[in-house]
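Here's the structure, in structure tokens; my notes come after.
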Amino acid sequence: MLRLVVLLIAVMFAAPAWSQAKPTAMEIRLDRLEREADLQGKAVDNLRTEQQTTAGLVEAHGARLAQLSSVNTTVAVLGFALVAVALLAGWKTTRLVKAARVELRALEARTRRQTEEMLAQIRVQAERDLTALRAEAERQVAAIQAECCRKPDAVADKPEPSEPKAPKHVAAIREYREKIDDNDHTAIAVRTLNQPDGQTPAQLRALALRAVRQGNGAQAAQLLEKLCAVAPNDPWSWIELNRLHVSQNRLGAARDAAKSAHGIASQSAENGPEDLSAQRNLSACLDEFGDIAQTEGDLAAARLHYQAAKDIAQRLVDSDPANNHGQRDLSISWNRLGDIAKAEDDLAAAQQAYEAARDIRLRLAESDPANSQWQRDLTLSWNNVGDVAHARGDLASARQAYEAAKDIRERFAQSDPANSQWQRDVLVCWAKLGEILLAEKNSEAAHDAFAKARWYCEAVLKTDPNRLQWRVDLAEIDGNLGDVAAAENNADEARRHWGHAMAALVAIANEGRLDAYGRDLLAQIHGKATGGSLNNDSGT
């Protein structure tokens, strides 16, 4: 039953479909073709759309390419421009670098030169300060010793003598002296004189040389004898003693001291032929024998000794040309040989020897302008050359040589006003120039030159009024001023200057300190003053 009901229901639903007419095969095919045509039309429309899109893209790409091409061109131009600018900048930079390098080298050279000049000035100033300090200390100790020798018990009660204002670089000594009393000074002097072991050889030598410069021969002899006892194997101890004896005309004692020095130096030279110091000591001893012979008037023997010393110095220079000390020793030997030739009136040989010494010293002075010792050596050589030219009557050459020496000495004297040695050196040059001017009959200029010499002499005497050499210098300059007045036929003025000179020399003689040169000077001035060649009336 159930099955029948189901079948009826199925027939009811399927009946409409069975009632419709079925399409034919042609209709089915046409329908399929229409659908395919629609699909193809859509495809064509899609292709046309894609074509249009592609054309737009192509146009856009073309425009982009054109734009990129323009940009590339601009970039290329800019690139070439930048390369050109870079090349130009590089060329300019190279030039700037080269210029900067040149400027840097010049700056470095200037800096090095300025540094060297500053160091040279510092060395010169340090040397001057040290020399001034040493000289001031020696002067004070020597003065104490001299006072102690005269009145050893009264030194402590005696006030310190007044002194001129000291330069600033001796402030340290002034401060030290304020901390100790006169008893301390007395103890130092007594210990030096009575206890040989209380002083070193260097201290004894310095004190002895100071006593020599002060003209205190007895005290200098005591100190040098103690020096030889303390350092008997040092040839220079005996050399200094020999020189003192020669200066005081004790030639026998001088020869004994020279032999002691020569024996020590000869032994050292034999034991060490390559020892430059030993060879130099031997050369110095030969010079001492030459000095003794020259003082005795035996110029031939003196020349032999000086020549032997020069031969040693020449060998040392030949073996070591760069040794400046050896060069200076050789110049000293040439000077000594020049002195002998001049004493023998062989002016040609004297000029040759003096010029040989001057040439060596000129090279040394030019190699180190700040070396005051070499500069002073050169001035001494210029004066020697000038002296020979003066003796030969070549006044122009003499004046030129003296002025060369004066220029150097004035430069150093102005840079160090406290250095009394430089001040005295200047006065010597002015005095020599005054003699030349007087010989040229230029009395007015000669008077000015001698007046300048006298001004310098008075200045150095203020620092040490008891210095023997400076007192003799002042007397000699007064004598020169008398000569100028005599050349102008001014008798009163001439006698006044000569009188001052003789009074000063007589005062030194009364102190027992006038040496042979001072005695000869006194005799010469006395002869001029009493010779009767001047008129009694002043004026022409």
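One-based numbering along the sequence shown.
- Asn466 and Arg513 share a donor-acceptor pair across their side chains, judged by distance under 3.5 Å alone.
- Ion pairing of Lys452 with Glu410 is absent here, as no side-chain N (NZ or NE/NH1/NH2) approaches a carboxylate O to less than 4.0 Å.
- For the pair Asp425 and Lys406, the salt-bridge criterion is not met [side-chain N within less than 4.0 Å of a carboxylate O].
- In this structure, Glu458 does not pair ionically with Lys462, as no charged nitrogen and carboxylate oxygen lie closer than 4.0 Å.
- Arg363 has no carboxylate O lying under 4.0 Å from a charged side-chain N of Glu366, or vice versa, which leaves the two without a salt bridge.
- Using a cutoff of 4.0 Å between basic side-chain nitrogens and carboxylate oxygens, Asp287 and Arg303 are not scored as salt-bridged.
- Here Arg336 pairs with Asp291 in a salt bridge; the nearest charged N to carboxylate O distance falls below 4.0 Å.
- Closest of all the heavy-atom pairs between His262 and Leu286 is NE2-CD2, 4.1 Å.
- The existence of a salt bridge linking Glu511 and Arg471 is confirmed by a sub-4.0 Å separation between a basic side-chain nitrogen and an acidic carboxylate oxygen.
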Could you walk me through whether Asp339 and Tyr354 satisfy the side-chain hydrogen bond (donor to acceptor under 3.5 Å, both in side chains) test, starting with their C-alpha distance in whole Å, then the side-chain angles of each, then the deciding distance to 0.1 Å, before giving a yes or no? CA-CA 8 Å; Asp339 292 341; Tyr354 286 146; 2.5 Å; yes
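- For the 3.5 Å distance criterion, the side chains of Gln469 and Tyr517 fail to qualify, holding no donor opposite an acceptor.
- No salt bridge links Asp394 with Arg399; every basic N to acidic carboxylate O contact stays at or beyond 4.0 Å.
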Start with the C-alpha gap between Asp377 and Gln373, add the side-chain angles, then the distance that decides, and say whether side-chain hydrogen bond (donor to acceptor under 3.5 Å, both in side chains) holds. CA-CA 6 Å; Asp377 288 345; Gln373 181 60 64; 2.9 Å; yes
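- What you find for Ala261 and Pro235 is that their closest heavy atoms are CB-O, 3.6 Å.
- Cation-pi geometry between Arg467 and Trp470 is met: under 6.0 angstrom from the ring centre, within 45 degrees of the axis.
- The shortest non-hydrogen separation linking Ala494 to Ala486 is CB-N, 3.8 Å.
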Output, in order, the C-alpha distance, side-chain angles, deciding distance and verdict of side-chain hydrogen bond (donor to acceptor under 3.5 Å, both in side chains) for Tyr306 and Gln294. CA-CA 10 Å; Tyr306 291 151; Gln294 185 177 10; 3.2 Å; yes
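- Annotation: cation-pi geometry satisfied between Arg358 and Trp382 (NZ/CZ under 6.0 angstrom from ring centroid, within 45° of ring axis).
- When every heavy atom of Leu227 is checked against every heavy atom of Pro201, the shortest pair comes out as CD1-O, 3.4 Å.
- A donor-acceptor pair under 3.5 Å links the side-chain atoms of Gln203 to the main chain of Thr200, judged by distance alone.
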